Amino acid sequence: MTAPHTTTSPRTARARSGRTTREGAAAAVSGAVRARADRLVALSHSLHAEPETALQEHRSAAKIADLLADEGFTVAAGAGGLPTALTATRGSGDLVVALCAEYDALPGIGHACGHNVNGAAAVGAALGLAAVADDLGLTVTLVGTPAEEDIGGKALLLEAGVFDDVAAAMMVHAAAEDSVGATSLAIGSWNVTYRGRPAHAALAPWEGINALDAMSLAHTAIGLLRQQLPPGTLVHGVVTDGGRAANVIPDLTRARYELRAPTVEQLAHAHRRVRACFEAGALASGAELELTRHGADFADLRQDPYLTERYRRAVLALGRTPQERHGEVMASTDMGNVSHVLPAIHPTIGYDTGGAKHHTAEFTRHGTTPSADRAVLDGATALAHVGVDLATDEEQRQRLLRGVARRRASHDTA
């Protein structure tokens, strides 16, 4: 079969030719973000004020959808079968650029990862690029990606085909400093259940099968395994149900465990080794083991060099000095899955957090300060400028379009 071609229409070619294309478009997107500064800051504050956890982000998704619909975007709720996901599109060009908006919060401590800033910045970038989409042959798509803190909305949306036509995907993440180029740890989560048999703990304990013992044995085995795991491979977990009465042999124990590793290949190795520890707990205790994956595995993040460099230049022009983090590892993100399939970036946008780290109540308290509000607008502007660069650099444009064509051909022959 013939792969899709990347011929540029005469209208698009005229729009991208001439000195004013890059400079004029950059000025236009900056102006579009500035003109909507109040709305974007209000969105960030509203998300922060009403935090919603994974797959419960109904109000948050609606706020984003309503704002973009009001700006002329075509909005589709429930993208990829996830009730709190969405897509919003403007333009009809052959180059599809996606801005990934996060908006889920953490239980009990709200937006302790700054996703209100992330989401509002992505919306701002989409609005900025929409101002030049027709002139630059762009289709601008805002992808609302729920549950990053849990089951991995981006990974599930990727599997559902939401990114099939996307040439490049971008987002910024709230942090205490600006950075570019970092990678992330691959991560996978398991729900662990042991089922035993209850018995009176004093009168006839030998008649029981102790599910808590099974978990204790597995936890001990994992602790001993850590010495033999490669550097950067981590295992951590919590018991969520260990029994209900001290004088009853526990017949049911539940836990959640996470495994992290530098690459998806090392994560697969860790899965095999840790699974054996859980199986050992079942074998030694006589309990039955039920082991299920919790959400999608997150892949390690691989940031595109060209997008990274253009973003670095864009934030430098805004008076920011991003730290170069090439090869350095941050925590984990489902943007890693996207980055394994198409060019992507996930830089951090910094603001004053008073020294607080992610996933703390103190970090949450700094999410609506003037410094955080500036991060929303600067992040939006910088991402939009990268989109302009992609559309006006013919070599990069064709690189991305060829990538989409290859993916389509691969899907058609699979």
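Only a predicted model underlies this, so the values are computations on that prediction, with no experimental measurement involved. Here, residue 1 is the first one in the sequence, and each next residue gets the next number.
- No hydrogens or angles considered: a donor-acceptor pair under 3.5 Å links the side chains of Asn191 and Arg256.
- Between the side chain of Thr220 and the backbone N or O of Ser216, at least one donor-acceptor pair lies under 3.5 Å.
- Residues Asp70 and Arg39 are paired through a salt bridge, judged by an N-O separation under 4.0 Å between the basic side chain and the carboxylate.
- With rounding to the nearest 0.5 angstrom, the CG atom of Leu259 is 8.0 Å from the OG atom of Ser189.
- Between Glu207 and Arg197 there is no salt bridge, since none of the side-chain N atoms of the basic residue sits less than 4.0 Å from a carboxylate O of the acidic one.
- Residues forming a side chain to side chain contact (heavy atoms under 4.5 Å, CB included) with Ala176 (at least two apart in sequence, or on another chain): Thr353.
- Between Arg397 and Glu395, no side-chain nitrogen of the basic residue sits less than 4.0 Å from a carboxylate oxygen of the acidic one, so the salt-bridge criterion is not met.
- Around the CD atom of Glu362, the shell of radius 6.0 Å holds more than 12 heavy atoms that belong to other residues, nucleotides or ligands.
- For the atom pair CG of Asp304 and NE2 of His346, the computed distance is 15.0 Å after rounding to the nearest 0.5 Å.
- Ion pair Arg59/Glu52 flagged as a salt bridge, since at least one NZ, NE, NH1 or NH2 atom sits closer than 4.0 Å to an Asp/Glu carboxylate oxygen.
- Distance alone, capped at 3.5 Å, is enough to place a donor-acceptor pair between the Thr253 side chain and the Leu212 backbone.
- Leu252 CG to Arg244 CZ: the interatomic distance, rounded to the nearest 0.5 Å, is 6.0 Å.
- In this structure, the side chains of His173 and Met330 stay at 4.5 Å or more apart for every pair of heavy atoms.
- Side chain of Asn337 to backbone of Ala299: a donor-acceptor contact under 3.5 angstrom is found.
- Under 4.0 Å is where a charged nitrogen must lie from a carboxylate oxygen, and between Arg399 and Asp393 no such pair does.
- Judged by distance alone, the side chain of Arg407 and the main-chain N or O of Val166 form a donor-acceptor pair under 3.5 Å.
- Side-chain atoms of Gln266 and Thr263 form a donor-acceptor pair, as typed in the model, at a separation below 3.5 Å.
- Proximity of the aromatic rings of His358 and Phe363 is defined here by a centroid distance below 6.0 angstrom, and this criterion is met.
- Remark: Met171 CE to Thr145 OG1 distance equals 6.5 Å, nearest 0.5 Å.
- Neither side chain, Asp352 nor His366, offers a donor N or O lying under 3.5 Å from an acceptor on the other.
- Under the 3.5 Å distance criterion, with hydrogens and angles disregarded, a donor-acceptor pair is assigned to the side chains of Ser44 and Asn116.
- Not a single donor-acceptor pair under 3.5 Å links the side chain of His111 to the backbone N or O of Thr364.
- Within a 6.0 Å radius of CD in Gln228, other residues, nucleotides and ligands contribute more than 12 heavy atoms.
- Within the 3.5 Å criterion, the main-chain N or O of Val96 finds no donor-acceptor partner in the side chain of Thr139.
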request  = Please lay out, stage by stage, how Asp378 and Arg320 fare under the test salt bridge (charged side-chain N to carboxylate O under 4.0 Å, His left out).
outcome  = CA-CA 9 Å; Asp378 285 355; Arg320 294 175 174 269; 2.9 Å; yes
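- Between the side chains of Thr84 and Glu57, a donor-acceptor pair is found at a separation under 3.5 Å.
- Scored by the side chain to side chain contact (heavy atoms under 4.5 Å, CB included) test, Thr74 finds no partners at all (sequence neighbours excluded).
- Without hydrogens or angle criteria, Thr348 side chain to Ser179 main chain gives a donor-acceptor distance under 3.5 Å.
- For the pair Arg90 (side chain) and Glu71 (backbone), a donor-acceptor distance under 3.5 Å is present.
- Atom CG of Leu318 and atom OG1 of Thr381 lie 6.0 Å apart (nearest 0.5 Å).
- Remark: Arg272 pairs with no residue by the salt bridge (Lys or Arg N to Asp or Glu O under 4.0 Å) rule, at least two apart or across chains.
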